[in-house]
Participant: 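Below you will find the structure I want to go over with you.
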Amino acid sequence: MSSHAYGYWPAYRSVPAHHMPYPELVEPLPNPDPYSIIDTVGKPWLPTNGMTSIQERKILVPLVEGARSVALHELAHVKFSPKSLPKVDFDIRYLMAVEDARINLGLVWIGLPLMLTAGEIAQVARLAQQDLAERDLLAYVLRAIAAQGTNAEEAMLRELGSQPEKVRDLAYSTIRRVRIALLRARRSRKSPVASFRVARRLAAELARDLEPQLERLGFPRRLPFPLQLAGAGCCLGHGHAGPHALARGRRGAKGSGEGTPEDCPSGEMRVVVAALPHCMPNLRGSARGRGRATDEGSLPRYMHRWPLDRAIFRRRAHVRGGTVMVDTSGSMSLDAAGIDSILMASSGAALVAMYSGTEKAGELRIVARDGHRADPKDLVPFGRGNIIDEPALEWLAHQGGPRLWISDGGVTGVGDTTSAALQRRCKEIVERAGIRRVKTVAEAAAFLARGASHAGVA
Amino acid sequence: MTVPPKRNPRDPKDSGPTTDWGLVEKVLRSPNVRTVYMWGPPGCGKTYAAYYVGVRGALYAITLTEDTPAAEIRGHYLPVDNGMEWRNGPATTAMLEGGRLVINELTHGSSDVLSIMHPLLENPDTARLTLPTGETVRPASGFQLICTDNLPPEELPPALRDRFDCILHVREPHPAALTKLDERLRGPAARSFNLEPERRISLRGWFSVQRLMLEFGIKGAFMAVFGPARGILLHDSFILGEAQN
């Protein structure tokens with residue numbers, strides 16, 4: 001989902017880290033392992049923009065302004081949902097929808113109701129409209145159940161107005177039945193949420209009762225889209241996943257393998273410069289270097305040196321310079337937040353670029369230059385493949401040193417496939433140009449921070 | 001009211017604090033420890049410990065910046081009336097008096113400052129500093145040099161790193177500091193110290209929330225201390241964390 005759904009783009013630089021939720025504060029028991037917070041902005045291949053894996057300790061949320069409701073909903077999963085959904089003998093999306101309703105109603109009771117933005121509500125209404133237009137009443141009902149406890153309920157139910165009375169009755173009664181059952185169970189439990197057992201029983205009853213009724217009204221009994229692409233849980237802002245989702249496991253032979261003996265050509269590279277509206281912060285003064293005491297100048301800085309060597313003025317050191325190029329292909333698992341942290345760490349570098357590609361072409365995007373950097377909205381990777389490693393490395397070789405390449409080392413060409421010849425050519429460029437490669441954001445940040453702190457006087 | 005949840009035996013145990021504050025205090029109080037490099041994330045009480053734990057005599061403290069010259073630490077001449085007068089810096093004074101010198105943000109120091117640290121960090125037999133006055137200063141008994149920083153000792157030049165008697169890594173605030181926090185904030189605060197730097201919240205932040213929560217309410221305090229975006233997410237997590245499961 002585009003981040004535009006969350007409202008307008010702010011005129012100031014937004015920091016993805018500011019929008020990271022704190023599931024560690026929410027989970028019932030303390031755990032020393034922090035959650036991984038993954039940005040979902042610019043990842044159309046994901047089935048939804050908010051997901052949680054309590055077992056793997058991962059939360060996927062949009063790290064942009066206006067996505068509080070998504071983060072809050074996922075936090076509620078951490079608080080109230082079981083570690084994993086049980087195996088059931090009916091479509092699990094019934095359970096996911098009822099579970100969403102259970103925790104949303106719990107949030108209302110706690111005093112943290114899910115308030116979707118106008119953009120998100122409009123998106124939910126569009127999806128509801130689409131479900132009904134495609135005669136997919138089951139998807140509509142599940143979506144409406146999942147929207148219980150949010151301010152999108154009304155917009156969803158409004159879409160039913162144009163439907164025949166029998167359809168309306170079935171949808172209303174099903175949604176109402178879930179709501180009343182969950183509220184009653186909560187009240188009798190004297191807890192913010194009904195127990196999960198109730199949700200499971202409700203889902204099973206729904207699956208049993210709803211399907212024959214749908215058939216009687218001439219609607220399909222089952223959801224038309226496959227399970228892995230479904231967005232029944234945490235789906236309020238989303239439609240059915242597009243073809244991108246299928247492409248996830250379609251990765252070519254890339255990485256440490258030798259690749260095919262046949263040469264594979266590199267994709268066509270386009271160099272673009274992102275808008276660079278924001279000033280780079282000086283990382284401990286590295287962007288301007290440290291000063292050196294000198295006996296010539298206009299503004300005395302070191303008066304105490306007068307009796308020693310009269311070097312009371314400071315001469316500015318030159319910028320450290322250097323170029324950082326970031327591989328933002330899918331294998332690097334870098335999102336805008338990760339690239340943002342690299343940008344923060346590479347404040348001392350004169351030029352920062354990122355690249356990735358898809359199918360036959362790729363884009364090398366300059367995201368920081370001459371003390372100015374791009375907004376996080378321009379840090380969303382172009383594609384999920386490498387495709388243009390070789391031309392990108394050639395480009396890096398022609399930039400000012402020192403040259404840092406943040407990559408897992410896997411290189412590919414057209415079709416995201418690799419070959420021994422391509423790997424050899426890339427290795428030659430790296431060696432010839434003295435390019436230093438690091439694998440992870442943490443390594444890069446440490447290397448860049450160390451470089452900056454030791455930048456010294458030019 | 002927050003009801004503590006029943007503990008599932010399969011759930012991971014709380015690892016508890018990983019900083020042995022008992023050892024840290026013991027080291028700072030030891031008469032045999034002269035030089036200490038104490039590092040860790042901000043807001044853990046490194047500077048507090050250096051200023052208050054095991055101080056036997058006078059305490060001198062300086063915080064380094066990239067522009068701090070070595071002369072500010074060692075001492076320098078000052079024009080007085082018609083002549084010049086030598087003024088000892090904190091390092092020289094601490095050496096002469098056998099006091100404790102605390103240098104904060106050591107890795108921020110210029111190469112000028114880092115060079116002058118070498119004689120200060122030497123063992124008592126070889127530690128000496130010859131001043132521009134011609135006087136040679138040797139550390140009096142009881143002289144201690146404690147350096148604090150957020151960065152690991154690997155950020156220091158190897159020769160300097162090698163000269164510290166002890167290197168202490170402080171990861172979490174002192175347990176006694178946590179007890180000063182409001183009971184409601186204590187649990188979430190303890191869980192927030194081990195997060196990655198981007199999301200980590202120092203004890204200072206939690207104390208600020210505590211100071212402001214009576215005046216602004218809990219939501220207002222979070223938003224005022226951490227900014228609107230992070231503040232609201234923290235507030236949501238805090239309220240949700242308090243809710244009965």
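Everything quoted here is computed from the prediction, not taken from an experiment. Just so it is clear, the values below take in all heavy atoms, side chains as well, and ignore hydrogens, waters and symmetry mates. By convention in this document, chain letters (A, B, ...) are assigned in the order of the sequence lines, proteins followed by strands, and residues within each chain are numbered from 1.
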Participant: Just verifying a value: how many Å separate A/F80 CZ and B/Q244 CD, rounded to the nearest 0.5 Å?
Facilitator: 9.0 Å

Participant: Below 4.5 Å from any heavy atom of chain B, which atoms of A/L112 appear? Answer side chain, backbone, both or neither.
Facilitator: side chain

Participant: Salt bridge (charged side-chain N to carboxylate O under 4.0 Å, His left out): which pairs involve residues 76-85 of chain B, sequence neighbours left out?
Facilitator: B/E85-B/R87

Participant: Counting only non-hydrogen atoms closer than 4.5 Å, does B/L78 touch chain A with its backbone (N, CA, C, O), its side chain (CB onward), both, or neither?
Facilitator: neither

Participant: Taking 4.5 Å as the heavy-atom cut-off, does anything in residues 198-220 of chain B contact chain A, and if so which residues?
Facilitator: B/E198, B/R199, B/I201, B/W206

Participant: Identify which of B/L240, B/T65, B/L234, B/L233 forms the greatest number of heavy-atom pairs closer than 4.5 Å to chain A.
Facilitator: B/L240

Participant: Tell me, please, which residues at least two apart from B/F193 pass ring pair (Phe, Tyr, Trp, His ring centres under 6.0 Å).
Facilitator: none

Participant: For A/R68 and B/A229, indicate whether the former's side chain and the latter's backbone hold a donor-acceptor pair under 3.5 Å.
Facilitator: no

Participant: Using side-chain heavy atoms (C-beta onward) and a distance below 4.5 Å, is A/Y22 in contact with B/L195?
Facilitator: yes

Participant: With a 3.5 Å distance limit and no angle check, can you tell me whether B/R230 reaches the backbone of A/A17 through a side-chain donor-acceptor pair?
Facilitator: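 Yes, the answer is positive, given that a donor and an acceptor are paired below the 3.5 Å cut-off.
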
Participant: Quick one: of A/D33, A/I37, A/L107, who has the most non-hydrogen atom pairs under 4.5 Å with chain B?
Facilitator: A/I37

Participant: Suppose we screen for salt bridge (Lys or Arg N to Asp or Glu O under 4.0 Å). Which residues come up paired with B/E135, at least two apart in sequence or across chains?
Facilitator: none

Participant: Do A/K79 side-chain atoms and B/A243 backbone N/O form a donor-acceptor pair below 3.5 Å?
Facilitator: yes

Participant: Between chain A and each of B/S192, B/S237, B/P132, count heavy-atom pairs under 4.5 Å; write down the option with the most.
Facilitator: B/S237

Participant: Over all heavy atoms of both residues, which pair between A/P28 and B/R191 is shortest? Give the atoms and the distance, please.
Facilitator: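 Smallest heavy-atom distance, with atoms named: O-NH2, 3.4 Å.
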
